[in-house]
Structures are given as C-alpha cells and as structure tokens.
Protein chains: 2
Amino acid sequence: MNNETLKGHLDFLLLSILANGAAHGYAVIESLRQRSGGHFDLPEGTIYPALHRLEEQGLLKSRWDETAPRRRKVYSLTAKGQQSLSKRQAEWLAFSKAINATAGI
Amino acid sequence: MNNETLKGHLDFLLLSILANGAAHGYAVIESLRQRSGGHFDLPEGTIYPALHRLEEQGLLKSRWDETAPRRRKVYSLTAKGQQSLSKRQAEWLAFSKAINATAGI
DNA sequence: CTTGACACCTAGCAATACTAGGTATAAACT
DNA sequence: AGTTTATACCTAGTATTGCTAGGTGTCAAG
C-alpha cells in the first residue's frame with residue numbers, strides 16, 4: 001500500500017505487462033490495476049518516469065500513435081527488454097522463495 | 001543481489017528472524033544467510049541501522065549481553081513487534097500473490 | 001459549460017539499502 | 001611474537017526509486 005515494498009519490482013511488472021502486447025502509459029496503469037486484482041493502483045507520477053527509465057535503458061521502445069482520438073505514446077518491448085524480463089522473472093522467483101524460506105512460510 | 005528488490009521487505013525478514021528467538025546483530029546476519037540459502041548475504045551497514053530503526057519504532061527491544069566473550073547487543077521482539085510481524089506477513093503474501101498474478105506466474 | 005475521464009509530463013520529497021569508513025576483542029595462523 | 005581472520009559493534013554520506021503535487025491539453029457526458 002503506502003510502504004516501499006514495490007521498490008525494485010516495478011520494472012519487472014511493467015515489462016510483464018508489455019510482454020502481453022504494446023500499450024500506452026495510461027493503459028499500463030489500467031492493466032496493472034486489473035491484473036493485480038486492484039492491489040497495484042499506481043499514480044501516473046510513478047508509471048511515466050519508470051517507462052522513460054526503461055526506454056532510456058533500451059528495454060522499451062516507443063512511438064506516438066497519432067491515429068487515436070488523443071495522442072498516445074505506445075510502448076513495446078525490445079529484444080533486450082525481453083531478455084531482461086526473463087532474467088527478472090527468475091530473480092523474482094528466487095527472491096520470493098528466499099523470503100518465504102527466511103520467514104518460515 | 002545488487003538491485004533494490006529488498007527495499008521495504010527487510011524489516012519483515014528481521015522480525016521473522018527474531019520471532020524465532022532473541023539474537024544479536026551479527027547472529028541475525030548469519031541467520032539471514034543460512035535461512036535464505038545464501039540469498040540474503042547482507043552487510044552490517046544494512047542490518048545495524050535497520051535494527052536501530054525497528055527499536056526506535058518500538059518493534060524491538062535490546063539489552064547488552066556482557067557475559068559473552070565479546071559485547072553483544074541482543075534484540076528481541078516486543079508485543080508491538082509481534083503484531084507488526086503478523087501484519088507484514090499477510091502483506092507479503094498479498095504482495096507476492098499480486099506480483100504473480102500481474103506477471104502471469 | 002462545467003465536470004470528469006483520458007493522456008501526457010516533471011521538479012522535488014522521503015525512505016532505505018548500501019558503501020566505506022571506523023573501533024575493539026578473541027582466536028588462529030605463521 | 002606478530003599478523004591475519006572472524007567476531008561484534010557503529011555511523012556519515014550516497015544512490016536509487018516510488019510518490020506527491022503540481023502542470024498542460026483533449027474529448028465525452030451531464
């Protein structure tokens with residue numbers, strides 16, 4: 001909720017969302033909310049800078065969709081982004097396993 | 001590893017460790033390493049400030065053990081800490097579930 | 001014609017794990 | 001005897017990052 005638990009995991013979520021197909025920022029927010037069952041209801045000030053970061057790192061690429069009624073910046077995974085996603089998924093599984101083991105769950 | 005994935009989850013781990021019995025800081029580091037299967041090999045500069053923070057918040061209490069060959073500051077859970085642990089465990093379960101759902105795992 | 005949903009953006013804040021340094025004792029090795 | 005290693009504590013400063021709080025603009029609905 002209002003704590004810092006998401007830190008370091010947001011990029012993984014964004015890459016996961018975009019692995020299911022290109023999407024613009026606002027739609028990413030909506031997907032995050034729906035697919036997490038309402039758990040991840042994140043403000044724009046969180047998502048947009050994160051998308052910019054990932055693009056700057058070469059994990060995402062974007063294009064402006066001018067055909068839509070409103071201007072939209074559509075993001076999609078690069079090959080490097082796909083690679084990073086696989087790596088991050090493995091890291092997440094190891095991380096959550098380690099937490100569970102440590103916490104005795 | 002070297003990323004920020006631990007952020008916001010360390011307190012939960014520390015409370016979990018100390019729920020199994022009082023321990024001093026150096027032993028907590030050792031427990032974290034062992035119980036996580038080597039995944040959490042955390043530097044002292046991470047653990048000591050975190051323990052101080054938790055004590056300041058009233059989740060831990062400490063006493064100096066002078067009987068040991070070297071001086072040791074032994075931490076144990078308070079009632080408030082026990083409560084917080086239960087809450088954090090539920091939050092962790094919800095969080096990891098939400099991540100898995102979002103990532104499609 | 002104003003409210004709300006859509007759709008983008010950024011400067012600064014707050015929190016936190018970590019780096020890099022420090023002190024000190026006991027055991028083990030050379 | 002002297003040096004290294006493991007034990008055991010500490011803190012000032014750094015870097016990253018999610019978020020707050022503001023801003024701009026379009027379009028549909030009331």
Side-chain angles (χ1 to χ4, degrees), chain A residues 1-15 22-34 36 39-57 59-60 62-75 88 91 95 98-99 102, chain B residues 1-15 22-34 36 39-57 59-60 62-75 88 91 95 98-99 102:
Chain A
M1 295 277 286
N2 48 352
N3 39 8
E4 317 257 310
T5 47
L6 187 57
K7 246 167 202 168
H9 302 281
L10 178 58
D11 293 358
F12 172 45
L13 291 178
L14 295 179
L15 294 174
H24 63 286
Y26 207 82
V28 167
I29 294 176
E30 186 71 13
S31 285
L32 272 171
R33 187 163 36 221
Q34 289 184 350
S36 70
H39 195 93
F40 297 129
D41 190 7
L42 304 180
E44 304 172 17
T46 294
I47 300 302
Y48 290 120
L51 290 172
H52 299 162
R53 221 163 43 214
L54 291 172
E55 185 175 22
E56 197 179 2
Q57 292 168 9
L59 306 183
L60 300 181
S62 69
R63 63 168 212 278
W64 284 98
D65 179 8
E66 307 288 2
T67 72
R70 291 180 205 79
R71 66 165 192 165
R72 291 173 170 179
K73 201 174 184 179
V74 177
Y75 291 89
R88 281 165 197 268
E91 282 174 356
F95 174 78
I99 292 266
T102 306
Chain B
M1 297 274 285
N2 48 353
N3 41 7
E4 316 257 311
T5 47
L6 187 59
K7 246 169 200 164
H9 302 281
L10 178 59
D11 293 358
F12 172 43
L13 292 178
L14 295 179
L15 294 173
H24 63 285
Y26 206 82
V28 167
I29 294 176
E30 186 70 15
S31 285
L32 272 171
R33 187 164 35 222
Q34 289 183 350
S36 70
H39 195 94
F40 297 129
D41 190 5
L42 304 180
E44 303 172 18
T46 294
I47 300 303
Y48 290 121
L51 290 172
H52 299 163
R53 220 162 43 217
L54 291 172
E55 185 174 22
E56 198 179 2
Q57 292 168 9
L59 307 182
L60 300 181
S62 69
R63 65 166 210 280
W64 284 100
D65 179 7
E66 308 287 1
T67 70
R70 290 180 205 79
R71 64 167 194 164
R72 293 172 168 178
K73 202 174 184 180
V74 176
Y75 291 89
R88 281 166 198 268
E91 283 174 355
F95 174 78
I99 292 266
T102 306

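Small disclaimer: the values here were computed from a predicted structure and weren't measured.
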**Request:** For B/Tyr26 and C/dA26, give me the distance from atom OH to atom C1', rounded to whole Å.
**Result:** 12 Å
**Message:** What is the separation between atom CG on A/Leu13 and atom C1' on D/dC19, rounded to the nearest whole Å?
**Reply:** 16 Å
**Message:** Expressed as a whole number of angstroms, how long is the span from B/Glu30:CD to D/dT7:C1'?
**Reply:** 11 Å
**Message:** Counting the atoms with a prime plus P, OP1 and OP2 as sugar-phosphate, which does A/Gly45 contact under 4.0 Å by heavy atoms, base, sugar-phosphate, or nothing?
**Reply:** base
**Request:** Write down the distance between CG (B/Asp41) and P (C/dA17), rounded to a whole number of angstrom.
**Result:** 16 Å
**Request:** May I ask you to decide if the ring planes of B/Phe95 and A/Phe40 are parallel, tilted or perpendicular, using 30° and 60° as cut-offs?
**Result:** perpendicular
**Asked** Within less than 4.0 Å of OP1 or OP2 of D/dC10, is there a side-chain N or O belonging to B/Lys73?
**Response** yes
**Per B/Glu44 side chain, nearest of listed nucleotides D/dC9, C/dC18, D/dG18** = D/dC9
**Asked** Rounded to whole angstrom units, what separation is found between the CG atom of A/Leu10 and the C1' atom of C/dA15?
**Response** 16 Å
**Message:** Applying a 4.0 Å non-hydrogen cut-off, can you work out what B/Arg70 is touching in the nucleic acid: base, sugar-phosphate, or nothing?
**Reply:** base
**Item:** D/dC10 phosphate, OP1 or OP2, under 4.0 Å from B/Tyr48 side-chain N/O
**Value:** no
**Message:** Which nucleotide wins on minimum distance to the side chain of A/Pro49, given the candidates D/dC19, D/dA8, D/dG18?
**Reply:** D/dC19
**Message:** Between A/Glu91 and A/Arg88, is the salt bridge (Lys or Arg N to Asp or Glu O under 4.0 Å) condition met? List the steps.
**Reply:** CA-CA 5 Å; A/Glu91 282 174 356; A/Arg88 281 165 197 268; 5.9 Å; no
**Request:** Look at the side chain of A/Arg53 and decide which nucleotide, out of D/dC27, C/dA17, D/dG18, has an atom nearest to it.
**Result:** D/dG18
**Prompt:** Of all the choices, D/dC9, C/dA17, D/dT17, which nucleotide is nearest to the side chain of B/Glu4 once you look at every atom?
**Reply:** D/dT17
**Request:** Report the distance from atom NE2 of B/His9 to atom C1' of C/dA17, rounded to the nearest whole Å.
**Result:** 12 Å
**Message:** Measuring from the side chain of A/Pro43 (C-beta onward, heavy atoms only), which nucleotide among D/dT20, C/dC9, D/dA8 has the closest atom?
**Reply:** D/dT20
**Item:** salt bridge (Lys or Arg N to Asp or Glu O under 4.0 Å) between A/Arg53 and A/Asp11, worked out
**Value:** CA-CA 9 Å; A/Arg53 221 163 43 214; A/Asp11 293 358; 3.6 Å; yes
**Request:** Just say parallel, tilted or perpendicular for the rings of B/Tyr75 and B/His52, cut-offs at 30° and 60°.
**Result:** tilted
**Asked** Pick the nucleotide of DNA chain C nearest each of A/Arg71 and A/Lys7; which residue has the one closer to the 5' end?
**Response** A/Arg71
**Request:** Would you indicate whether the side-chain heavy atoms of A/His24 and A/Asp65 approach each other to under 4.5 Å?
**Result:** no
**Prompt:** Can you tell me how far P of C/dC8 sits from CD of A/Glu55, to the nearest Å?
**Reply:** 12 Å
**Request:** Would you indicate, yes or no, if C/dT10 has its OP1 or OP2 atom less than 4.0 angstrom from a side-chain nitrogen or oxygen of A/His52?
**Result:** yes
**Message:** Could you tell me how far apart A/Ile47 (CD1) and D/dC19 (P) are, to the nearest whole angstrom?
**Reply:** 8 Å
